[in-house]
**Student:** 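Please see the structure below; I have some questions.
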4 protein chains.
Amino acid sequence: MAQKITTDEKILNAFSKLLEENGYTETTTKKIAQAAGVNESTLFRHFKDKEQLVKELVQKYMSDIDTVNAGFIPSGDIVTDLMRVADLYNHFVEAHKALFLIGMRDSFQFPKLKEMIIQLPMKLKKILVFWMTEMKHSGEINGLVNIEITATNYITLILGHALIQNIYTDTGLDISQVDFVQKNVRDFAEHLK
Amino acid sequence: MAQKITTDEKILNAFSKLLEENGYTETTTKKIAQAAGVNESTLFRHFKDKEQLVKELVQKYMSDIDTVNAGFIPSGDIVTDLMRVADLYNHFVEAHKALFLIGMRDSFQFPKLKEMIIQLPMKLKKILVFWMTEMKHSGEINGLVNIEITATNYITLILGHALIQNIYTDTGLDISQVDFVQKNVRDFAEHLK
Amino acid sequence: MAQKITTDEKILNAFSKLLEENGYTETTTKKIAQAAGVNESTLFRHFKDKEQLVKELVQKYMSDIDTVNAGFIPSGDIVTDLMRVADLYNHFVEAHKALFLIGMRDSFQFPKLKEMIIQLPMKLKKILVFWMTEMKHSGEINGLVNIEITATNYITLILGHALIQNIYTDTGLDISQVDFVQKNVRDFAEHLK
Amino acid sequence: MAQKITTDEKILNAFSKLLEENGYTETTTKKIAQAAGVNESTLFRHFKDKEQLVKELVQKYMSDIDTVNAGFIPSGDIVTDLMRVADLYNHFVEAHKALFLIGMRDSFQFPKLKEMIIQLPMKLKKILVFWMTEMKHSGEINGLVNIEITATNYITLILGHALIQNIYTDTGLDISQVDFVQKNVRDFAEHLK
DNA sequence: GATGAATGAGCTTTCATTCAT
DNA sequence: CATGAATGAAAGCTCATTCAT
């Protein structure tokens with residue numbers, strides 16, 4: 001039942017990997033072809049040009065983003081739920097790391113890209129605001145909490161963490177996702193009670 | 001008393017500006033020379049190679065970083081002091097925007113760079129930890145607060161904000177530094193009381 | 001009795017059409033295949049390589065050229081007969097336009113081609129010389145006319161016209177074949193009386 | 001007083017030469033550079049792109065064309081004057097052979113080019129018409145001659161000759177310019193008396 | 001007999017850098 | 001000290017052609 005890996009996939013995988021490591025411009029078509037184990041010109045038969053490779057990743061990102069809603073089923077417990085959101089974002093970034101990175105690094109070359117990248121945090125913020133409003137009504141969240149600000153804070157926090165995690169690796173400021181969730185997110189959550 | 005602007009500075013300024021806008025690889029020596037109003041080869045007389053230009057910016061960054069300590073004079077009021085830290089970081093990033101950006105975008109090309117970039121957050125964290133410990137002793141900060149975690153959270157927060165501010169501009173998630181400090185930082189501070 | 005059009009013909013037709021419009025080098029095998037509605041590799045199954053396509057056209061040209069003799073049946077009237085020769089050449093060029101054009105444009109790539117292309121004018125010249133000699137004897141053509149020179153002139157004239165007609169279209173110097181024959185050829189003919 | 005040959009000229013000369021021999025597309029930038037004895041990239045410092053090289057030749061052609069008027073000083077003798085026109089055109093074509101050829105061969109790639117190429121014949125035609133009108137008045141040219149038609153014929157004739165001369169060399173139909181002028185042009189002229 | 005996938009050589013162009021003046 | 005001219009290497013991309021199915 002060996003799953004066949006198509007040339008398209010081989011190329012996209014190689015591209016994605018190199019993108020993470022070296023950024024868009026440094027990821028030459030020659031290197032992609034080499035990493036994918038195909039001829040350089042094959043690459044252009046499969047994807048009209050280098051930019052098309054990015055667009056392909058974006059498409060996947062955008063279609064995946066629609067599934068995020070379904071991934072968040074509130075438990076009613078603040079700590080658990082906030083952790084869930086953090087993990088949701090983290091997993092998504094992990095799964096689309098290459099795109100997340102060039103969304104930062106090469107956004108000037110792909111002006112539309114940053115708008116796509118930011119859609120996930122914005123969607124999560126909406127989810128948070130909706131959920132926090134409910135939690136406030138049910139008394140789980142302290143009545144004095146400013147939801148809009150808190151939600152923004154939380155998103156900024158996990159975005160900052162993703163940044164540290166993926167760019168500033170091994171710099172002394174990075175904490176594992178598990179630790180981050182166990183400690184910092186939990187700490188954040190406590191304040192809302 | 002007209003301050004003469006040297007060729008060195010003209011080049012570095014042009015380089016810095018283009019770096020912000022287009023990233024390292026897209027900033028070609030031709031463009032730098034053009035923007036600086038000098039001949040392309042002049043550039044190489046002043047700076048051994050393109051990388052040297054980065055190193056020059058780093059040197060400035062590193063020497064400036066030493067002055068940060070002096071910039072933080074605690075007032076004793078939590079909110080005020082935390083705001084001060086946020087502004088301190090923000091101003092520093094503003095003043096070294098180009099470097100901050102390539103620290104993210106082109107870190108793979110300059111492995112040592114991210115270690116330098118991260119030094120500021122780490123230094124601020126140290127300052128925070130030291131200051132919070134004092135505040136805890138003096139009762140200004142709640143005895144239950146976990147200083148290490150809270151400090152990390154705070155740094156992550158302002159780093160996340162800097163990211164949004166400088167990369168994801170005009171995406172709907174960015175708030176002005178003033179608003180961020182007035183609302184989100186203040187909110188964060190309140191929880192510590 | 002629907003005449004089936006073979007793949008060979010589809011390809012040759014597409015090739016011929018593109019050749020007229022874009023010349024040999026710009027007529028890529030991809031475009032030929034596309035225009036013919038077949039797969040690019042099919043093309044190579046039918047014709048060993050791109051040059052073979054030219055050779056195929058040449059063959060047709062060469063076999064058609066043999067029929068030219070039969071196409072000229074002298075009427076005895078100078079004007080009528082000269083017009084007939086001009087039309088003969090014109091029709092032939094029309095029918096083999098693609099080849100005529102690359103005979104000019106890409107002759108360096110096909111050294112033998114120009115020798116083939118020139119065969120038609122040369123054949124017509126022979127016909128002319130033979131016919132004019134007879135006409136001179138019968139008194140239709142002025143005894144002082146130098147046949148060799150006049151024949152050369154005439155051929156050069158209709159070649160020049162074909163050139164203007166097919167290359168320098170819409171440039172202000174081109175006259176329709178009908179006008180050319182009605183006016184210029186007639187004028188030329190008058191001088192021989 | 002050795003005339004220095006600039007790199008610009010070296011490149012243009014090489015380009016021009018290769019153009020005559022091989023046409024536009026086959027004349028690769030690599031070959032040009034090689035023939036000019038410079039590095040391929042030098043070529044692009046001197047001329048923005050390959051097309052610019054053509055434009056450069058065109059400019060020369062167009063500025064030279066203005067001098068043609070001055071080159072025709074009527075003697076009053078029909079034969080002499082017509083010969084002069086034929087020579088004028090011939091010399092011009094010789095001096096701009098490369099352009100004349102790609103004007104035919106690659107006209108589809110340079111749509112504006114053929115309009116420029118045709119300007120010389122058209123200018124010569126104007127000169128002819130003007131001159132023939134005068135000659136008709138003075139009685140040198142037969143009153144029955146249709147000037148417009150005759151001029152067109154003559155231009156078509158020398159264009160046809162140029163074509164044969166430059167493309168269909170060594171094919172058996174080509175006559176030397178000297179012979180062409182001495183025999184055919186003279187013959188043509190006689191008819192006008 | 002026709003196709004889709006793959007290839008290597010070659011194209012035009014831009015890069016960072018060096019050299020002579 | 002600054003420049004203009006030159007360079008080799010490498011970029012993205014297209015070409016005619018072959019091979020397995």
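Sequence lines set the chain letters: A, B, ... in the order given, protein chains first and strands last, and positions in each chain run from 1. Predicted model only: the values in this text are computed from it and were never measured.
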**Student:** Starting at CZ of C/Arg45 and ending at P of F/dC19, how long is that distance when rounded to a whole Å?
**Tutor:**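 To the nearest whole Å, that distance equals 13 Å.
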**Student:** What's the spacing between C/Leu19 CG and C/Tyr24 OH if we round to 0.5 Å?
**Tutor:**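 C/Leu19 CG to C/Tyr24 OH: 8.5 Å, rounded to 0.5 Å.
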**Student:** Take the protein atom CD of C/Gln34 and the nucleotide atom P of F/dT14, then report the distance between them rounded to whole Å.
**Tutor:**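 Between P of F/dT14 and CD of C/Gln34: 13 Å.
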**Student:** Partner lookup for F/dA20, please. Criteria are Watson-Crick or G-U wobble with both distances under 3.5 angstrom; report none if nothing qualifies.
**Tutor:**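 Pair assignment: F/dA20 / E/dT3.
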**Student:** With a 3.5 Å distance limit and no angle check, can you tell me whether C/Thr27 reaches the backbone of C/Gly23 through a side-chain donor-acceptor pair?
**Tutor:**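 A pair under 3.5 Å: yes.
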**Student:** From CG of D/Leu18 over to P of E/dC11, roughly how many Å is that when rounded to an integer?
**Tutor:**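 Value for this atom pair: 12 Å.
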**Student:** Which whole-number value in Å describes the distance from A/Lys50 NZ to F/dT14 P?
**Tutor:**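 Computing the A/Lys50:NZ to F/dT14:P distance gives 15 Å.
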**Student:** If you assign each of B/Thr7 and A/Thr25 to its closest nucleotide in DNA chain F, which residue comes earlier from the 5' end?
**Tutor:**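 First, find each residue's nearest nucleotide; the 5'-ward one identifies B/Thr7.
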**Student:** Identify, between B/Lys48 and C/His46, the residue whose nearest nucleotide on DNA chain E lies closer to the 5' end.
**Tutor:**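 Counting from the 5' end, the first nearest nucleotide belongs to C/His46.
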**Student:** Could you please name the partner base of E/dG10, counting Watson-Crick and G-U wobble pairs only when both distances are under 3.5 Å?
**Tutor:**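 Paired with F/dC13.
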**Student:** Look at all strands and tell whether D/Ser41 reaches a base, only sugar-phosphate, or nothing, counting heavy atoms closer than 4.0 Å.
**Tutor:**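 Base contact.
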**Student:** From CZ of D/Phe44 over to P of F/dA5, roughly how many Å is that when rounded to an integer?
**Tutor:**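 One finds 17 Å between P of F/dA5 and CZ of D/Phe44, rounded.
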**Student:** Determine yes or no for a side-chain-to-main-chain donor-acceptor pair under 3.5 angstrom, with C/Arg105 supplying the side chain and D/Leu101 the backbone.
**Tutor:**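 Checking the backbone N and O of D/Leu101 against the side chain of C/Arg105, no donor-acceptor pair under 3.5 Å is found.
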**Student:** Nearest-Å distance, CD1 (D/Ile11) to C1' (F/dT7)?
**Tutor:**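 To the nearest whole Å, that distance equals 13 Å.
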**Student:** Decide whether a cation-pi geometry holds between B/Lys55 and B/Phe47; the criteria are a distance under 6.0 Å from NZ or CZ to the six-membered ring centre and an angle within 45° of the ring axis.
**Tutor:**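 Checked: cation-pi criterion not met.
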**Student:** Would you say B/Asn39 reaches F/dG4's phosphate, i.e. side-chain N/O to OP1/OP2 under 4.0 Å?
**Tutor:**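 Yes, B/Asn39 has a side-chain N/O under 4.0 Å of OP1/OP2 on F/dG4.
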**Student:** What is the separation between atom CG on A/Leu43 and atom C1' on E/dT7, rounded to the nearest whole Å?
**Tutor:**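 About 13 Å, once rounded to whole Å.
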**Student:** Phosphate oxygens OP1/OP2 of E/dC11: is one of them under 4.0 Å from a side-chain N or O of D/Thr28?
**Tutor:**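 Yes, D/Thr28 has a side-chain N/O under 4.0 Å of OP1/OP2 on E/dC11.
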**Student:** If we ignore angles and hydrogens, is there a donor and acceptor under 3.5 Å between the side chains of D/Glu56 and D/Gln52?
**Tutor:**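 Yes, because at least one side-chain N or O of D/Glu56 sits under 3.5 Å from a partner of the opposite role on D/Gln52.
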**Student:** Can you measure A/Glu40 atom CD to E/dA6 atom C1' for me and round it to whole angstrom units?
**Tutor:**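 After rounding, the gap between these two atoms is 14 Å.
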